[in-house]
> 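Structure below; questions to follow.
Only a predicted model underlies this, so the values are computations on that prediction, with no experimental measurement involved.
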Amino acid sequence: MNEITLLSVISLGALGTIAAVILYMVAQKFKVIEDPRIDIVADKLPGANCGGCGYAGCRALAEEIVRKESLDGMSCPPGGNDVMKDIAAVLGLEATEQDPTIAVVRCNGSHENSPPKVRYEGAMTCAFAHSLFAGTGGCPQGCLGCGDCVVSCDFDAIYMDEQTGLPVVKDNCVSCGACVKACPRNIIEIRKRGKKDRRIFVSCINKEKGGVSRKNCKVACIGCGKCVKECNFEAIVFENNLAYIDYNKCTLCRKCPPVCPTGAIHELNFPPRKPRPETKTEPAQA
Amino acid sequence: MNQWKNFSKGLIKDNPVYILLLGLCPALGVTTSAFNGLGMGLATTFVLLGSNIVVSLIKNLIPDKVRIPSFIVIIASFVTIVQLTMEAYMPDLFDALGLFIPLIVVNCLVMGRAEAFASKKDTFSSAIDALGMGLGFALALTMLGSLREILGAYSIFGFKLIPGATDGMLVFVLAPGAFIGMGYLIILFNYLKKKTA
Amino acid sequence: MEYFAIVIGAIFVNNIVLAQFLGICPYMGVSSKVSTSVGMAGAVLFVMTLATIVTFLIYNYVLEPFNITYLQTISYILVISSLVQMVEIILKKVSPELYQALGIFLPLITTNCAIMGVALLTVQNDFNLMQGVVFAISHAAGFALAIILFAGIREHMELMDLPKAMRGAPAALVVAGILALAFMGFAGLV
Amino acid sequence: MSLLTVSGSPHVYTEDSVSKIMYGVVLSLIPAALVSFYFFGLAAILVTLTAIVSCLFFEFIIQKYLLKGPVTIFDGSAVITGLLLAFIVPASLPLWMVVIGSLVSIGMAKMTFGGLGKNIFNPALVGRVFLMISFPVEMNMYPKPIPMSTQLTDIISGPTPLAIVKEGVAQGENVSDLLPQVPEYVNLLMGNMGGSVGEISALAILLGGIYMLFRKIITWEIPVAYLGSVVIFAGILWQVNPEIYVDPLFHLVTGGLMLGAIYMATDMVTSPMGRWGMIVYGIGCGFLTIIIRIFGAYPEGVAFAILIMNAFVPLINRGFKPKRFGEEVKNG
Amino acid sequence: MKTFTLGGVHPPENKFSQNAPIRELPLPETVTIPISQHLGVPATPVVKKGDTVKTGQLIAKGEGFISANIHSSVSGTVQKVDEVIDTSGYRKKAIIIKVEGDEWEDDIDQSTDLIKDCALTPEEIIKRVNEKGIVGLGGATFPSYVKLMIPKGKKAEYLIINGVECEPYLTADHRLMMEKAEEILVGISIQMKALNVSKAIIGIENNKPDAIEHLRKLLPGYPGISVEPLKVKYPQGGEKQLIKALINREVPSGKLPIEVGCVVHNVGTSYAVYQAVQKNRPLLNRVVTVTGKSLKSPSNFMVRIGTPISQLIEEAGGLPEDTGKVVNGGPMMGKALSNLEAPVTKGTSGVLIFSSQETSRKTMLSCIRCGRCASICPMGLEPYLLAVLSDKKRDEDCEAERIMDCMECGSCLYICPSGRPLLDHIRIGKGAVGKLIRSRSH
Amino acid sequence: MAKKESNFLNMVLALFIVTAAASFILATVYNLTAEPIAQARESKRQLAISQVVPEFDRLESKNFLPPGGGDSLEFNYAFRNDEIVGVAINTWTNRGYSGRISAMVGFDTQGNIIDVVHLQHAETPGLGDKIQKGKSDWSDQFKGLDPATADIRVAKDNGDIDAITAATITSRAYCDAIQRAYDTFKEHFLSQQPKTEEGGLAL
Ligand SMILES: Cc1cc2nc3c(=O)[nH]c(=O)nc-3n(C[C@H](O)[C@H](O)[C@H](O)COP(=O)(O)O)c2cc1C
Ligand SMILES: Cc1cc2nc3c(=O)[nH]c(=O)nc-3n(C[C@H](O)[C@H](O)[C@H](O)COP(=O)(O)O)c2cc1C
Ligand SMILES: Cc1cc2nc3c(=O)[nH]c(=O)nc-3n(C[C@H](O)[C@H](O)[C@H](O)COP(=O)(O)O)c2cc1C
Ligand SMILES: Cc1cc2nc3c(=O)[nH]c(=O)nc-3n(C[C@H](O)[C@H](O)[C@H](O)CO)c2cc1C
Ligand code: SF4
Ligand code: SF4
Ligand code: SF4
Ligand code: SF4
Ligand code: FES
């Protein structure tokens, strides 16, 4: 060992020792302020900070999960069940399985179905239009078409259809609920995705009397109650001139849509109907 | 993990410079020419590879509280090795890269990989990860270097592209060109990432 | 006059971020708000000065006499990182307010090339201790100028709807580029 | 009857619009353009046309194919950018460099940030500084002004009055010996001096400025603060030693100061919004201009000074809020 | 000449109807009287379908501190009490009365004789003003009796009468001052008595020299009242601006005029106070200006509350072919109508008919940061900033930038060369910040 | 993750071992590379010298202070057959655009410049770096000049040297460095050695 090597080892070794001593002091004085598991959990979360979980961002959820040591009632819509399972595994907890959900637009007052009666000019935000007037189509509950929901979506999962002037939810919706909060008229609802992405819902939330709502919009729910009678599963509730399909009870039997006189009930992602609708078996061309 | 995926992620999807925005200082500082960029990229790759391997080997022997200082020392050793070797055998490149060689030690990329990957995974994966990330880094630096050399000197790796033309747009050799060039390359990489995803 | 040249040179002409490309990570990372960027600048000022002093001592009283200057890199990084941690504990004990304002940034800049770079440059320039300190403070001031200006611009950009592809890093880099371009006007001041 | 319109109040709006403002600026630049065409002839016309057309072209391409948004090239802002870019480069600049300058101005300085109103730095100035640093040789060659000429003859490196004085002083000569080498003040005012295409005639620019003030396109704060602070700072130095520092009037009428103070520092997009902010900004521009002109490597500092102050604008806007109604009472 | 100092704009005045005398509008076939025509809690109907009512009879009772009684403006049968479509297309509760003859309540003095002396005590005056459903006719429809009651610990020094009518087009107050000057002055004296102040200033913009002169001639009979001509500048009629212009005091942010010893009333309100106190007559009708460039005969009408707006337009020459927008109120602060059958309410000061060219907004471009909106904002705000902050939902920042000081005068949107919908965004922001503040106090 | 508990002893020990091992390895590398590094530096110097003086078989070095003050200049006397064939002077200037410029100037024994090469500079690429031989032939104009008769200043200052376009500052500085070399050379070589015509001194 020559002189340089010796000096090197001595000086650097001394430095290393000093560093270690300092670090030891740090470790002593610097008691862990935070539960280290918070970091681990936060790491697992997608980091989108969308607020869909109901907490102020991913880290806030992580803190809450660790604090409560339970996953009850907590979910991360963008991350889905996988993430929650991961976290459960990390913390040794059970994750509550949740049915996948998606946002649904409950208005069909397109330019054609609800022709414009006045013109709107000004800031293209539904919030303002809502405070100003009933909407170009005249329906005081219908979609205003300025796209606040589209802007609010962090996942590019909702877009404005040029033809109809209505928002359309794409498949990549993570049901974070941002659009639900953004819509001043409460038109968007988070519903169960349904088997094979099939959904049946009433695409109208107008609570006016049938005649009145019909005057503004061809496809409004007029509150006739026919669907309620048709449903064998008591999945349809009827209140204030409006039918509402409970997605927890609906079996996707497809009986109600045809009976609606205005066509307000929508079915999504079903194969085309066979001439005779009573066949309930799986269609061949799926 | 699929080792090929582990390797290739550093090239585009998780490119350390353009996507993860790590190690920006050397990426901006030394890329006045494609050759310098490549040289710095390879030097960093070597350090990354070496330190990742050593860190993953000794990770279980190091107490948690001195983990980071130990890693720093390991990284710094590899940097010094590079420094000495380069000075001995590639003095011109050494002069061109200047200050940025010792600064590899504080390159967040190196530390980040040691912390996030090598201290948790097995040695082989760590080596592959280091190689992928390092080559991604080298790719990024070479690209920026090429861009700046092409625009700033109308040449690439020293070959004149336009015979007779002497100077290019000098901005690109200077500081502003580095920032601007990287800004637009990031857009390109974001686009590529989207395309490949 | 010599100090004047060091100061002007470090702040304007050879601005550490805009001309020397050091400390780009915090420059890009901690500049989204003016208030945090001010905190960051303060922390950099503090650590940079301290680190320059300590590394100066190490270089001149350990490495140089023992003829082992090749250990510069490794010893500097060790010294700086343990120093910062020590400061952190002391600060926390002595002045909790200061800790609140600067402390959260301290770990961020321990392994930051601006600190290391200035320490290395001090040696390269053959400065004495006093010059080194002025050099470090001026570089920190240059960093502060760059990052606070930049944070103002970013806060402003936050309100403008930039094209999607440009948001975040790309626009920030182009701004930095133009800023660097503008700072070239200071060329020749010293 | 067409459909009734519903909108929030108010229901009447001023006649003024962005394009009216912008074309007002273009109109006010005509005297300066005529002077430059008179002195630099065809070359000036070509540079000007090239810059305008290429600015419009790049704006169109980027808006249509990259941003895929509405095309608003006729709002007049790109015309101004082109015009002003042409005005701050030498008339002898190769046209392809003018095109590159336009690309930088529009593509990098303006469209990167989303176009009109969103840019942080003055596009024309970014273009110029980019060119100045990229092509120092060409950007440092100024043709000699020859009235009614068609050809550029004598292209000399840096014979602007500012450069002559700066070089001379750097060589240890006295200002009083140097001044005879530059044109007389009347000529400086009229524009008979070396310089960029449109910056030469302080008088023509002043004329345009008065027109813009009259039409309320610009307000007085920035130009007055800028020019005033240049006079003050230069005056102080001049008092200190008139043999190395030129008199303030010389600073006022040479180089791009007039054009900068009236057209570039006032660009509303890149300048502060409130009165006090504008004044601070103007003083900052003036200070930096003098610093760079006198102590820096460049003989001219207007472009850099304005760009640097552009970067300060967000901070200035934060710091200088308008006086709120009912404020004093609340604080008092 | 006096005016306020901060900001302000001067849109073209276009007061086409300033020389058209006030005409009584014929009775409509039915009237629709909304139960919420004032600021505050809606009134509660006290009649039901089938009831017969007389002109001036109480049909809905104001409940709560800030509310106002509503009286039938016609005589006839109540057709229904139901939701009807209001001016904006939403449904609001209203009382619909089929007009049959014009039979008035007996205790109302229908004569036009001027009664100068008022024997009532201040408390009685306030009570009467409350009973008769008088609300501010200057636009805000704030129940007037509340304003006549000075909160404890405060003292009123000045009664300020708002005869500014700074809105372009509108001439209702102008005509009222020309034709009912004496009544207004008596009303002012009554208000002064109720407030126990000795000084009243009537502020009138200089574009109404005839009104200034006319009132000044009559002043000698009314001690303490003066008339002050003001430079024409919008929004001089805003109460804070008016106080600043007349007595150079600034009402602090978020405070009421009484903070600086002032109470502000509109001239129309004074006239209504006169009617209520001296004639025992509730607020049944009001002056409405119906005007527009292409309208055949721009007019000022005395209109019963509840008359459909379409009838006013018919009476003024019918809706022109090129109509693009119909506005309820002035061009700067009025509300665009989507339903012309909506009724005149206590707050309707004018009906404006615009052609599409006159009123369409500019093509919206990006803000060019010209700063004009900030330089003309009479409250010293930065509308461009408030608009983006509101758009980005940065409510705390909005609040810190004093968004709640905005009085929605519309000057910023008027002036913006880029056609930015500034006020639209600011309104949303105000809503959000209001919510924030309320949630904080709970 | 198997994490080791941290206690005082194992922390200090671990860090000491790591640093000691690292420094040992580094010292080894250093010892291995010390030679090549020195060689590389030397060959660089040799190369520069050989570019500016005629072929030689022996070198001798000596340092002199320049008459204007400042750092000393290194004179490298080149001998062939024990006869001085030229002197390569390592000179410097601080008047560059950015930092110090150093250059090697070769003189023959009469004081004519044989050639000049730059050693180190930080001038702007594309502008000032044209003083480099590979970048432009600008510095060739010094070849063969006798500073005693030629004015080593740029044309702008009424000298005989054409400046690099748009880089007068650098050009001036380079002239300054050469002038400094000549002044020192004159004082410490020419004035001591009477000028002779006798042979062997090739140009
Ligand atoms: C919630 C609220 C409470 C008010 N309280 C009083 C009051 O106690 N005394 C008073 O004189 N005015 C009061 N005002 C009325 C205001 O001073 C003002 O006249 C009214 O808001 C209409 O003004 P504008 O038309 O300028 O908006 C109140 C207004 C509001 C909105
Ligand atoms: C922007 C703005 C403009 C106004 N202009 C007038 C006006 O011209 N005339 C008027 O009587 N009231 C105007 N007002 C309403 C006054 O502020 C104030 O509410 C009114 O004079 C109070 O009297 P009142 O309660 O009797 O209506 C305006 C309010 C605002 C916010
Ligand atoms: C970024 C930048 C780098 C420069 N680099 C140099 C340089 O290396 N050498 C130099 O002499 N001048 C340099 N300059 C200075 C300018 O080119 C200066 O205008 C020029 O030297 C003036 O000399 P001239 O009379 O030859 O035009 C630089 C300027 C800038 C903006
Ligand atoms: C008074 C005034 C001055 C202007 N000055 C400039 C200028 O110096 N450079 C420029 O590119 N555009 C200028 N413009 C045009 C426009 O504002 C500019 O292109 C915007 O910065 C683009 O967003 C000016 C416009 C006005 C109204
Ligand atoms: S569509 Fe709505 S619920 Fe779905 S991701 Fe977008 S914002 Fe969230
Ligand atoms: S669904 Fe709601 S938010 Fe979306 S456009 Fe319609 S009204 Fe607006
Ligand atoms: S509407 Fe509000 S923000 Fe706009 S000018 Fe009026 S007070 Fe100011
Ligand atoms: S007036 Fe319009 S363009 Fe001007 S600053 Fe205000 S919002 Fe922007
Ligand atoms: S690489 Fe320089 S600060 Fe991160």
> Pick one of side chain, backbone, both or neither for D:Phe121, based on which atoms fall under 4.5 Å of a heavy atom in chain C.
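For D:Phe121, the contact with chain C is made by the side chain alone.
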> Heavy-atom distances under 4.5 Å only: say whether D:Leu288 touches chain C with side chain, backbone, both or neither.
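D:Leu288 touches chain C through side-chain heavy atoms alone.
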> At a heavy-atom separation under 4.5 Å, does C:Ile148 approach chain D through its side chain, its backbone, both, or neither?
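For C:Ile148, backbone and side chain are both near chain D.
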> Atom CD in D:Glu221, atom CD1 in D:Ile283: separation rounded to 0.5 Å?
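Interatomic distance, D:Glu221 CD to D:Ile283 CD1, rounded to 0.5 Å: 11.5 Å.
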> How long is the straight-line distance from CD1 of D:Ile244 back to CG of D:Leu178, given to the nearest 0.5 Å?
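With rounding to 0.5 Å, CG (D:Leu178) is 12.0 Å from CD1 (D:Ile244).
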> Name the region of D:Met132, side chain, backbone, both or neither, that has any atom closer than 4.5 Å to a heavy atom of chain C.
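It is neither, since no heavy atom gets under 4.5 Å.
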> Flag the pair C:His139 / C:Phe143 as yes when their ring centroid distance falls below 6.0 Å, and as no otherwise.
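When the ring centroids of C:His139 and C:Phe143 are compared, they turn out to be at least 6.0 Å apart.
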> So which of C:Leu162, C:Ile178, C:Val13, C:Leu159 has the largest heavy-atom pair count under 4.5 angstrom toward chain D?
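Of the candidates given, the most pairs with chain D belong to C:Ile178.
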> Is it the backbone or the side chain of C:Leu145 that comes under 4.5 Å from a heavy atom of chain D, or both, or neither?
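Side chain only.
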> Are D:Trp96 and D:Phe135 close enough that their ring centres sit under 6.0 Å apart?
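Yes, the ring of D:Trp96 comes within the 6.0 Å limit of the ring of D:Phe135, centre to centre.
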> Do D:Tyr298 and D:Phe304 make the cut of ring centroids closer than 6.0 angstrom?
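Yes; D:Phe304 has its ring centre under 6.0 Å from that of D:Tyr298.
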> Could you check whether C:Tyr59 and C:Phe56 have their ring centres less than 6.0 Å apart?
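Here the rings of C:Tyr59 and C:Phe56 have centres that are no less than 6.0 Å from each other.
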> What part of C:Val175 gets within 4.5 angstrom of chain D, counting heavy atoms only: side chain, backbone, both, or neither?
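Backbone plus side chain of C:Val175, per the 4.5 Å heavy-atom cut-off to chain D.
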> Which residue out of D:Ile306, D:Leu67, D:Ile292 racks up the most heavy-atom pairs below 4.5 Å with chain C?
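The candidate making the most pairs under 4.5 Å is D:Ile292.
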